[in-house]
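One is the number of the first residue; the rest follow in order along the sequence. Side chains included, hydrogens not; waters and symmetry mates left out as well; all remaining heavy atoms used.
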Amino acid sequence: SKVILDHRLGQAVTVLAYPGGSHNAVVEQLVQIAGYNLAFTTKIGTDMRYSQRFALPRMRVSGGLPIEKFSVKLVPTHSNPQPVPKTLSE
């Protein structure tokens, strides 16, 4: 559980990656109630709208990816991305 992770690591764990990407609206609500700020699915993408912070996509990056190609991956796929509030981006 989150409490065990927080205790063993000596700090608050605020981000979750769903094991195998499995989640639904009920799981997302439980993750929020548990105290996480963000959660990642296994869906590929860069659409990081704050309104979907408990179902964020991931960006796959291989070890040999040149920096030029990495920077292209950072461009949001959503036409009107919303910035992450300052309290979550620090």
_Heavy-atom neighbours of K2 NZ exceed 12 at 6.0 Å_ = yes
_Spatial distance of atom CG (L5) from atom OG1 (T14) [nearest 0.5 Å]_ = 11.5 Å
*For the atom pair CZ (F40) and CG (L16), what is the distance rounded to the nearest 0.5 Å?*
10.0 Å
*Inter-residue atom distance F54.CZ - T41.OG1, 0.5 Å rounding*: 13.5 Å
_Distance check, rounded to the nearest 0.5 Å: I33 atom CD1 versus E28 atom CD?_
12.0 Å
*So, for D6 and V13, which heavy atoms are closest and what is the spacing to 0.1 Å?*
OD1-N, 2.6 Å
*Say you draw a straight line from CZ of R58 to OH of Y18; how long is it, rounded to the nearest 0.5 Å?*
10.5 Å
*Spacing of NE2 belonging to H23 relative to OG1 belonging to T42, to within rounding of 0.5 Å*: 8.5 Å
*asked:* A quick test of your reading: do over 12 heavy atoms of other residues, nucleotides or ligands sit less than 6.0 Å from CD1 of I4?
replied: no
